[in-house]
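The structure appears below as structure tokens.
Chain naming here is simple, since letters A, B, ... match the order of the sequence lines and numbering starts at 1 in each. Values in this document were obtained by computation on a predicted structure and should not be read as measured data.
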There are 2 protein chains.
Amino acid sequence: MDNKKYVYLFSEGNATMKNLLGGKGANLAEMSILGIPVPQGFIVTTEVCNKYYEDGKVIAEKIIKEIHENIAKLEKITGKEFGSTTNPLLVSVRSGARVSMPGMMDTVLNLGLNDEAVEAMSKLTNNPRFAYDSYRRFIQMFSDVVMGIEKRLFENIIDELKEEKGVKVDTDLTGEDLKELVKRFKALYKKEKGEEFLADPKQQLIESITAVFRSWDNPRAIVYRRLNDIPGEWGTAVSVQEMVFGNKGETSGTGVVFSRDPSTGENVVYGEYLMNAQGEDVVAGIRTPLPISKLEEQNPVIYKEFTDIIDTLEKHYKDMQDMEMTIEEGKLYFLQTRNGKRTAQAALKIAVDLVEDGTLTKEEAILKVEPRQLDSLLHPAFDVEDLKNSKVIGKGLPASPGAACGTIAFTAEEAKERAEKGENVVLVRLETSPEDIEGMIAAKGILTVRGGMTSHAAVVARGMGTCCVAGCGELKVSEVNRTLEVDGKVYTADDFISIDGSTGNIYGVAVKTVTPEISGHFAKFMGWADEIRKLKVRTNADTPKDTKQAVEFGAEGIGLCRTEHMFFAEDRIKAVREMIVAKNVEERRRALDKILPMQKEDFIGIYEALEGMPATIRFLDPPLHEFLPHSDEDIASLAKDMGIGFEELKATVESLHEFNPMMGHRGCRLAVSYPEIAEMQTRAVIEAAIAVKENKGYDIIPEIMIPLVGDVKELKYVKDIVVRTAEAVMKEKGVKLEYKVGTMIEIPRACIIADEIAKEAEFFSFGTNDLTQMAFGFSRDDAAKFLVDYYENKIYEQDPFAKLDQKGVGELIKLAVQKGREGRPNIKLGICGEHGGDPSSVEFCHNIGLDYVSCSPFRVPLARLAAAQAQVKNRR
Amino acid sequence: MDNKKYVYLFSEGNATMKNLLGGKGANLAEMSILGIPVPQGFIVTTEVCNKYYEDGKVIAEKIIKEIHENIAKLEKITGKEFGSTTNPLLVSVRSGARVSMPGMMDTVLNLGLNDEAVEAMSKLTNNPRFAYDSYRRFIQMFSDVVMGIEKRLFENIIDELKEEKGVKVDTDLTGEDLKELVKRFKALYKKEKGEEFLADPKQQLIESITAVFRSWDNPRAIVYRRLNDIPGEWGTAVSVQEMVFGNKGETSGTGVVFSRDPSTGENVVYGEYLMNAQGEDVVAGIRTPLPISKLEEQNPVIYKEFTDIIDTLEKHYKDMQDMEMTIEEGKLYFLQTRNGKRTAQAALKIAVDLVEDGTLTKEEAILKVEPRQLDSLLHPAFDVEDLKNSKVIGKGLPASPGAACGTIAFTAEEAKERAEKGENVVLVRLETSPEDIEGMIAAKGILTVRGGMTSHAAVVARGMGTCCVAGCGELKVSEVNRTLEVDGKVYTADDFISIDGSTGNIYGVAVKTVTPEISGHFAKFMGWADEIRKLKVRTNADTPKDTKQAVEFGAEGIGLCRTEHMFFAEDRIKAVREMIVAKNVEERRRALDKILPMQKEDFIGIYEALEGMPATIRFLDPPLHEFLPHSDEDIASLAKDMGIGFEELKATVESLHEFNPMMGHRGCRLAVSYPEIAEMQTRAVIEAAIAVKENKGYDIIPEIMIPLVGDVKELKYVKDIVVRTAEAVMKEKGVKLEYKVGTMIEIPRACIIADEIAKEAEFFSFGTNDLTQMAFGFSRDDAAKFLVDYYENKIYEQDPFAKLDQKGVGELIKLAVQKGREGRPNIKLGICGEHGGDPSSVEFCHNIGLDYVSCSPFRVPLARLAAAQAQVKNRR
């Protein structure tokens with residue numbers, strides 16, 4: 001038997017009940033407790049929302065009964081009555097999830113009005129215009145939100161009436177006009193729905209609550225939840241609250257205020273208000289609101305009461321508050337309070353200020369800044385004013401944060417050439433491949449038609465800190481014609497576009513970008529984060545430049561150095577290709593001998609940038625065909641370059657063809673087939689470490705990482721090559737050097753037999769990109785297309801390549817951690833997939849006891865903060 | 001401290017010690033116990049072999065000491081002495097693994113000879129020719145096997161000497177000639193090795209034992225082990241046994257005998273012998289051996305003794321024995337006994353005979369037939385005589401058993417056309433794709449250049465019972481020129497080739513095939529298997545024809561009906577393509593409406609063939625681009641057919657392109673994006689079941705299987721579509737029908753969350769092909785290329801697509817079984833991957849408690865037997 005309580009009066013709740021009552025509901029209850037003037041009401045819990053969906057989108061009879069009981073209580077509290085012909089109760093019906101999702105769900109105001117109640121209200125207020133304006137607004141809102149009648153139809157009627165009456169603005173319509181409007185609205189309703197407008201306030205209420213629950217699953221709410229990492233199972237609560245009116249005359253008003261400045265964090269009350277107005281009017285922009293400071297002049301008494309409450313609320317919540325208030329005929333009401341959204345700069349300043357004035361401990365302050373927000377401190381952003389006038393022409397995935405603006409380059413070569421001439425270009429591609437690397441470096445931003453959050457473009461762009469929008473399927477790009485078609489317009493290489501890697505928005509014009517300044521608060525705050533966190537933060541970096549950048553951002557070593565990225569540089573690719581087409585071991589060794597000094601130089605540069613911090617170096621990973629051209633034309637040209645026959649080279653390219661390259665001849669499988677490659681790489685790693693030790697005195701402990709291992713014998717085989725070569729090099733040089741050999745855990749089978757693998761591996765680094773692919777059985781390059789359908793149907797809520805799937809992939813990792821420690825108690829454990837830069841994934845890594853996370857340089861501060869938050873939330 | 005015993009005298013062992021002493025060693029010990037005349041000796045255990053490899057390919061000092069002690073014991077037993085100048089001890093050194101691996105490893109005979117011992121032997125036997133012949137054979141064998149000096153060099157010396165002496169055959173060389181030969185052999189040895197021939201018998205012995213261990217890992221042994229499923233960790237034992245000689249004159253001889261006829265199974269002693277000869281001579285073919293029956297005339301006393309022993313051995317081992325014997329100067333010795341290899345026909349007859357004469361119980365008899373052998377009863381084979389004269393021109397994977405011969409067809413269309421004209425063709429392709437299906441059906445055999453044991457060609461061929469050799473990389477096939485180049489020769493469409501799908505051999509000529517006859521023993525024997533087994537056996541079948549075939553072979557239902565195979569038929573592919581290029585749901589539904597009646601007919605045919613047995617029907621699985629052409633030419637032609645523009649169709653084909661189709665938009669992901677497809681398939685399944693019930697009275701319980709599920713919500717989403725449609729169809733028809741909805745477990749994540757999935761799934765069927773791919777992270781189409789390197793380096797011993805990887809994939813399955821039962825205690829569990837037809841994998845399925853295995857029709861008998869054997873070995 002279900003004895004659960006589904007509806008709470010404000011007086012029955014408090015701020016700790018957010019999960020059940022939603023953020024808004026819990027805070028309304030809390031304000032009641034604090035004695036702050038709040039119009040009274042009740043909250044239908046988030047559990048009702050979940051039950052609504054479980055029960056097939058109906059609210060159970062039992063709960064409807066409970067709602068009716070609470071209406072009765074509210075009537076008693078307010079002394080008003082639903083549908084009363086003398087003193088009718090009007091309520092607002094609002095959504096309220098555990099965290100605020102502004103504008104995503106539906107709201108109904110002025111509920112309770114009908115033909116009788118409006119008359120009573122008219123008499124009571126002696127203001128027919130006000131009463132009928134409220135009524136027509138309610139009909140309009142209810143019809144739209146609850147009944148799905150297009151808003152536009154109502155707007156048309158208003159326009160008609162205004163024309164008839166010869167007036168320009170709504171406010172010029174008289175009470176009688178509005179009465180006529182109500183008549184016409186109700187006629188429209190009847191025409192559309194085939195029945196009279198719903199007159200029973202209780203039915204109005206149940207329908208409206210249902211509509212709010214329904215709106216929990218509207219498309220924009222689903223997208224918002226995915227972007228903000230809010231689980232669908234949280235559900236929304238619904239608060240039903242007595243209406244108060246800011247538009248009852250000059251002693252009434254409405255306002256929105258922040259207890260501090262949300263842009264700068266400055267400790268001043270900040271906000272706007274308007275007398276004789278409803279919130280709607282402010283939004284509609286008919287009248288310009290006044291800065292809140294004006295209220296002090298207009299009404300010092302109210303202002304004092306008002307600022308006292310603000311003070312109380314901020315002290316109580318120990319955070320900057322964002323509040324809505326209404327003054328009804330001289331009486332002040334607070335309709336809402338919540339922790340206010342703020343810019344990253346403001347967030348840091350507020351957190352530091354609150355620690356310094358003793359309000360918060362460092363641990364508490366750490367939780368007050370959203371790790372993702374730090375992104376905006378590290379990347380350019382669009383000028384806010386300029387952005388207002390720029391139309392969004394398309395939207396892709398926000399793959400790498402920041403803002404970029406430039407003319408369009410359709411190939412990497414073009415991007416490079418034009419950038420060298422000083423032009424700002426945005427590289428637009430169907431998808432990028434490793435060959436595009438130089439053009440990607442040269443471009444201000446990267447825009448791709450295909451690929452997801454972990455596509456090549458996304459990963460490389462994040463690594464470089466370059467803005468990237470990926471997988472924008474609406475674009476039609478023709479590389480041949482050098483055109484980009486979108487939103488009905490064709491853009492050429494002469495046109496400007498602007499892309500926002502933090503939102504995925506694409507603009508068809510040049511939008512000004514601004515580079516943020518980093519304040520001293522950043523260093524202080526991040527210092528606290530570093531004091532607190534237990535999880536180390538390394539970086540994924542393949543060049544000395546990236547490494548330096550990451551070290552500046554606080555990286556404590558390299559967790560993933562992808563050696564193949566070095567193979568694509570123009571001056572090296574030739575030797576790499578010679579290696580691939582080599583017909584025997586001798587030829588292959590000759591080609592590798594050419595690569596060796598270059599690879600060694602790479603490592604020297606990276607080691608120097610690390611100044612003694614550790615570096616995990618992953619051996620060659622991608623299938624060899626990635627290094628070869630594929631079109632006949634390119635093959636012919638390369639064959640000529642290399643002095644071999646076209647047919648011969650074509651045959652090599654074809655023999656390397658794979659149906660599923662992601663599951664092909666790559667990773668350690670290359671070293672098994674061509675041990676010479678592993679030998680060359682080992683030699684480069686060790687010789688470089690010796691050189692850096694001799695020249696700079698840094699004691700580098702190289703960590704050689706064998707990728708894609710699925711069996712201990714496989715690891716052992718490659719490890720033996722590494723150890724043999726390393727020992728030989730050290731003997732040659734007469735130097736003893738410490739080094740480690742470990743493996744990337746990225747194959748499900750490796751998790752299952754991790755105990756065996758740990759016998760040979762001195763460290764594990766979880767390659768969660770591949771592990772996610774294999775665990776789910778979909779490739780990150782192909783999944784973007786159908787994941788859209790999955791989000792729409794609520795099968796998946798999150799992109800598992802962006803946020804670690806804790807239930808599936810996470811279980812595999814936990815298994816590997818446990819078994820890995822069984823096999824080698826002091827094994828070092830880290831993660832180097834893209835998830836190393838995702839806050840919730842970082843928290844997971846902390847909780848399962850990893851030693852470090854590794855992420856791209858520009859995500860290092862984010863990971864540091866997320867690691868500190870994880871420690872505060874889950875002390876280990 | 002290691003107190004292990006590493007060396008056993010024959011008298012210290014017995015037949016139960018096979019794992020430690022090897023099959024040969026254990027049987028020698030057992031024969032000793034039984035009082036059968038066996039030359040004495042000792043056995044170095046399999047553990048020494050493993051330790052040899054662990055210790056870096058050396059035999060530990062401690063073990064060498066133990067060998068020396070046993071030499072001393074053997075000297076005492078025989079009264080002879082190593083290197084004695086009066087009565088020298090000569091021994092043979094032979095390999096002996098747990099199971100026999102004939103010819104795979106090395107042997108040294110006549111060990112113990114040196115310049116002094118040979119003289120002693122010459123005197124003792126008064127036969128210098130015999131003594132020096134033995135010596136030169138020993139030098140030759142030891143130099144080859146132990147020292148790696150090419151055999152050919154010794155053969156050259158013999159030829160030179162024969163020319164000098166003007167004789168034709170070896171036996172015409174005199175004792176003096178042989179003495180000269182020994183001199184020259186020793187000179188060659190010195191020249192090659194830079195030192196004198198090893199004279200110390202003890203050193204000779206240790207070196208020879210080492211050589212046998214070394215030969216455990218020679219390439220042919222590794223391949224043999226893989227083909228016969230023998231783990232490398234078993235190792236080989238070495239038996240050291242006093243030499244006896246069959247070539248000491250007319251009272252000596254040698255023979256090989258079977259206790260029954262190994263071709264027919266008839267209960268008669270069968271074999272050959274030769275007087276005054278060594279085993280080698282028989283093999284060399286210089287003299288023709290006599291049938292064993294002749295021995296009765298030649299020497300009735302020996303014959304009587306001999307047949308009595310054979311009788312004893314067969315009764316003792318309760319199985320047909322394969323024995324080697326030597327008569328030395330009138331005294332009979334047995335050198336070996338083992339369970340004899342036999343044809344499938346013989347195996348069945350012997351098993352049935354042994355039960356009927358009371359020697360064996362049915363349970364014991366079941367174990368006497370190798371399940372794989374049944375293949376040869378169901379498929380054509382090459383004529384043995386004809387095969388002798390046919391050269392192998394290449395070798396691929398034995399992908400589907402049987403033998404085929406025909407002219408070469410290079411495309412599926414060609415194969416179909418020419419087959420329709422009555423020609424026998426072998427279809428030769430780089431790889432096959434679903435479009436080739438009709439040509440594959442028409443061909444006698446299929447040969448592919450690429451792909452492994454579970455490639456499309458292999459899976460489809462096994463399903464049809466058609467012979468297939470896959471992944472033969474040495475072939476150069478040009479579809480354009482219509483040529484096949486291999487082994488230096490070019491074959492055209494007019495040339496005959498023959499392929500053996502049981503060995504992988506390819507012959508460049510026409511080889512006659514013979515179709516086996518199935519005897520009554522088969523039915524009787526398989527009946528016993530059915531009585532015993534607990535595991536049910538279903539079949540993977542997609543057509544009424546295959547279903548009937550499988551039912552004849554004893555299938556108890558369909559475990560996997562792949563519905564997409566029906567989509568490729570010529571008359572349907574058009575509608576399927578219309579469905580794919582449909583621009584909206586309405587167009588897609590219109591195309592699906594055309595497919596519905598055809599799909600329904602398919603199911604009616606299949607249900608009728610099943611006569612009421614259950615059918616698991618898997619919904620559409622492959623990515624849609626598999627149904628579309630890819631070359632511009634074919635796209636243009638199809639566009640014309642469909643009356644749409646080339647550009648439009650080309651754009652559709654391109655938009656469906658996937659980087660990794662195996663991890664792409666397929667399986668249930670299709671149903672999520674296009675619910676209409678699942679609706680159509682559900683309707684076909686249910687309407688067909690209703691029709692068959694009405695027309696034939698069969699109560700079919702369709703089992704609808706949703707493929708590639710990775711999350712319970714995904715299954716729930718598709719299941720809801722199925723249930724909704726099924727209920728609607730039943731309501732329309734006014735019929736109530738039982739049906740089940742379940743899922744294929746083939747994604748690693750599904751194993752991890754199997755408890756959740758089981759809440760929605762009424763059955764699990766393990767799709768071990770995909771599960772193996774995802775667990776290992778390599779695709780079956782691409783892995784064949786690099787797995788060769790893995791076998792060579794002993795990283796993997798078995799193809800995980802052929803034999804289930806119990807350690808990795810098996811653990812995932814066990815987890816899913818356990819969790820699945822937690823989620824739904826009565827859940828039905830089966831397997832439908834290719835592993836369902838592999839004996840060791842069937843045993844695994846039995847042991848973990850699955851309800852059934854499902855395999856291709858021609859493997860059903862094999863699976864029935866393997867299931868019975870599993871029950872006998874592991875009662876459940």
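Between chain A and the residues B:L812, B:V809, B:D805, the largest count of heavy-atom pairs under 4.5 Å involves B:D805. For chain B, the option among A:R450, A:E658, A:R669 with the highest count of heavy-atom pairs below 4.5 Å is A:R669. Interface check for chain B: of the options A:P623, A:P661, A:A651, the most heavy-atom pairs under 4.5 Å are formed by A:P661. Of the listed residues (A:D789, A:V712, A:I795), the one with the most heavy-atom contacts under 4.5 Å to chain B is A:I795. Across A:K713, A:H657, A:E811, the residue that shares the most heavy-atom pairs under 4.5 angstrom with chain B is A:K713.
Within 6.0 Å of the NZ atom in A:K476, the count of heavy atoms belonging to other residues, nucleotides or ligands does not exceed 12.
At a heavy-atom cut-off of under 4.5 Å, chain B is reached by A:Q773, A:M774, A:A775, A:F776, A:G777, A:F778, A:S779, A:D781, A:D782, A:K785, A:F786 from residues 773-786 of chain A, listed in order of number.
Both the backbone and the side chain of A:F659 come within contact range of chain B, each with at least one heavy atom under 4.5 Å from a heavy atom of that chain. Neither the backbone nor the side chain of B:D770 comes within less than 4.5 Å of any heavy atom in chain A. Neither the backbone nor the side chain of A:E746 comes within contact range of chain B; no heavy atoms are under 4.5 Å apart. Residue contact with chain A, scored on non-hydrogen atoms closer than 4.5 Å, involves the backbone of B:K794 exclusively. Heavy atoms closer than 4.5 Å to chain A are found nowhere in B:L430, neither backbone nor side chain.
In this structure, the side chain of B:E760 does not engage the main chain of B:L715 through any donor-acceptor pair within 3.5 Å. Judged by distance alone, the side chain of B:T743 and the main-chain N or O of B:I706 form a donor-acceptor pair under 3.5 Å. Of the possible polar contacts, none joining the A:D720 side chain to the A:Y717 backbone as a donor-acceptor pair under 3.5 Å is found. Between the side chain of A:D55 and the backbone N or O of A:K57 there is no donor-acceptor pair closer than 3.5 Å. B:S655 contributes a side-chain N or O that, together with a main-chain N or O of B:T652, makes up a donor-acceptor pair within less than 3.5 Å. At least one donor-acceptor pair under 3.5 Å links the side chain of A:T448 to the backbone N or O of A:G471. Looking at B:E714, its side chain does come within 3.5 Å of a backbone N or O of B:D711 through a donor-acceptor pair. Looking at A:N660, its side chain never comes within 3.5 Å of a backbone N or O of A:M663 through a donor-acceptor pair.
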side-chain contact (heavy atoms from CB on, under 4.5 Å) assessment of A:L771 paired with A:I747 | CA-CA 6 Å; A:L771 193 57; A:I747 296 284; 5.9 Å; no

For residues 751-758 of chain A, tabulate all N or O donor-acceptor pairs below 3.5 Å that involve a side-chain atom, not counting sequence neighbours.
{"unit_1": "A:E756", "atom_1": "OE1", "unit_2": "B:K807", "atom_2": "NZ", "d": "3.2"}
{"unit_1": "A:E756", "atom_1": "OE2", "unit_2": "B:K807", "atom_2": "NZ", "d": "2.8"}

